[in-house]
Amino acid sequence: MDLYEFQGKELFRRYGIPVSDGRLATSPAAARAAAEEMGGPVVVKAQVLTGGRGKAGGIKLAETPADAEARAQEILGLDIRGHTVDKVWIERASEIEREYYLSITFDRSAKRPLFMFTTQGGVDIEEVAETSPDALVRLHVDPLEGYQPWHGRRLVFEGGVADPGEQKQIAAIVGKLYEAFVECEAILCEINPLIVTPEGEVRALDSKFTVDDNALFRHPDIAEMRDVGAADPLEALAREKGVTYVKLDGEVGVLGNGAGLTMSTVDVVTFVGGSPANFCDLGGGGDAQGVVDALEVITRDPQVRAIFFNIFGGITRCDEVARGILQAVEQLGIEHPIVVRLDGTNADEGRRILQEAAASNLHTEATMLDGARRAVELA
Ligand code: GDP
Ligand code: MN
């Protein structure tokens, strides 16, 4: 789950990472009131779950409250790479001397949290990694040992921070960021830029904070931050129905049981020249209602032109899945061609059920490859 900048900063604040004072506003008038309340120049920042807002015109300085109102008017309603801005964060403007970068992510291949730090902040970190890889310091933390003060010192020294005051503040922020990362069960905490003011004060000017969805049940306060409206509407519907669904860009709806099989199905559809519209995993049970729910989500996507059902029955019984398909087709009035490949437990019975139904849009295939080919042809 991705958090908005203002939510990430709220968590930063809880862990003692310095951030600027700010207020949330959903209208130009509220932006003006917020600026009046804070006094002095402010920055009006679009709150959307995507980066690069500055370049897209989503971040603007405002000298006066009237200015803040005008800037909010411009930014609210703006479309930033498919995300419509419906709220802005009004923050006390900072003077910037230098912009650094600090992040911690989970490095799956090393099975350890990974810190990255560079004094070349403010720009895309991918750009720094490409153009001046030596300027990017990487440091893993042994999760059993946990954070040790030398981690912070090492990042700061290897990054080439010369000023002792900055060194001390940044090293402290590194420790607090680790604490926030571990306690919130995050998979990414990024501060870009981490600024130094002309007075030598270090502060987080931006926040990218992603929490592990599977750990959210342990963090009701963070789970509450979820904004259903902002997510992809299909993914929101899927979550509501308990369907594991990821929207992709193509025309062939993909449904499998088990993440591995579904992933392979997505690959095979691509391999035979098609383009998958989604990833949808029925999971282990695959009861009829689950199939109905999954098909409802998949067919809500107007890009879908054919659906490929790839089921390997283990715990999942193919006859149950077949009944679910028929129920869904009838209930939802699905007219898309549906290609079904059933294998494993009760596969014969499942195929028989489908054949007896004699629905003209249902096609059965014996193998995954043939099924994918057929679905791509029909799409
Ligand atoms: P992003 O573009 O989505 O990464 O948004 P950021 O919050 O990182 O802001 C982008 C850039 O706007 C920063 O790198 C700064 O250069 C600038 N910016 C943001 N806030 C302030 C501020 O308070 N004062 C000044 N002078 N610049 C700011
Ligand atoms: Mn940023």
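Note that the structure is a prediction, hence the values are computed from the model and not measured. Residue numbers run from 1 in the order of the sequence given. In each ligand, atom 1 is the first atom listed, and ligand 1 is the first ligand listed.
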Exercise. For atom 17 (C) of ligand 1, is the nearest protein heavy atom closer than 4.0 Å?
Worked result: no

Problem set entry | Distance filter under 4.0 Å to Ser94 heavy atoms, resulting ligand 1 atoms | 22 (C), 23 (O), 24 (N), 25 (C), 26 (N)

Problem set entry | Nearest protein heavy atom with distance in Å, relative to atom 6 (P) of ligand 1 | Asp206 OD2, 3.4 Å

For this session: Can you pull out the closest protein heavy atom to atom 27 (N) of ligand 1? Residue, atom name and distance to 0.1 Å, please.
Result: Ile96 CD1, 3.4 Å

Exercise. Does a side chain donor of either Glu91 or Trp89 reach within less than 3.5 Å of an acceptor in the other side chain?
Worked result: yes

Seminar exercise, completed: Near Gly54 (heavy-atom distance under 4.0 Å), the atoms of ligand 1 are 1 (P), 2 (O)

Exercise. Looking at atom 12 (O) of ligand 1, what's its closest protein heavy atom, distance included?
Worked result: Ile59 CG2, 4.0 Å

Exercise. At what distance, to the nearest 0.5 angstrom, does CZ of Arg154 lie from CG of Leu139?
Worked result: 5.5 Å

Problem set entry | Proximity of Lys45 to ligand 1 by residue part, where a heavy atom lies under 4.0 Å | side chain

Exercise. Given the rule in the salt bridge (charged side-chain N to carboxylate O under 4.0 Å, His left out) test, do Arg323 and Asp319 qualify, once you have shown the distances and angles that lead to the verdict?
Worked result: CA-CA 6 Å; Arg323 279 188 206 98; Asp319 56 323; 3.4 Å; yes

Exercise. Does Leu76 share a hydrophobic cluster with Ile59, counting links as ILVMFWY side-chain heavy atoms below 4.5 Å and allowing steps through other members?
Worked result: no

For this session: Go through ligand 1 atom by atom and flag the ones less than 4.0 Å from a non-hydrogen atom of Ala93.
Result: 23 (O)

For this session: Could you name the option among Arg92, Glu5, Arg53 that has the heavy atom nearest to atom 3 (O) of ligand 1?
Result: Arg53

Exercise. From Glu99 CD over to Thr118 OG1, what is the distance, rounded to the nearest 0.5 angstrom?
Worked result: 12.0 Å

Seminar exercise, completed: Note, the Mn ion (ligand 2) has protein N, O or S atoms under 2.8 Å numbering 2

Exercise. Any N/O of Asn192 closer than 3.5 Å to an N/O of ligand 1?
Worked result: yes

For this session: Would you tell me whether Asp107 and Ser109 have side-chain atoms, one donor and one acceptor, within less than 3.5 Å of each other?
Result: yes

For this session: Examine the side chains of Thr197 and Arg203 and answer whether a donor and an acceptor come within less than 3.5 Å of each other.
Result: no

Seminar exercise, completed: Out of Glu99, Lys208, Glu91, Glu190, the nearest non-hydrogen contact to atom 13 (C) of ligand 1 is supplied by Glu99

Exercise. Are Gln47 and Glu5 close enough that a side-chain donor and a side-chain acceptor fall under 3.5 Å?
Worked result: yes

Exercise. Are Val266 and Val339 in one and the same hydrophobic cluster, where Ile, Leu, Val, Met, Phe, Trp and Tyr link if side-chain heavy atoms are under 4.5 Å apart?
Worked result: yes

Seminar exercise, completed: Rounded to the nearest 0.5 angstrom, the NZ-CZ distance for Lys176 and Arg13 is 13.5 Å

Problem set entry | N/O donor-acceptor pair under 3.5 Å between Asn310 side chain and Thr262 backbone | no

Exercise. Among all protein non-hydrogen atoms, which one is nearest to atom 20 (N) of ligand 1, and what is the separation to 0.1 Å?
Worked result: Leu205 CD2, 3.3 Å

For this session: Going by the side chain to side chain contact (heavy atoms under 4.5 Å, CB included) test, name the single residue among Asn278, Leu234, Val243, Asp293 that passes it with Ile298.
Result: Asn278

For this session: Compute the shortest N/O to N/O distance between Gly122 and ligand 1 and return yes if it is under 3.5 Å, no if not.
Result: no

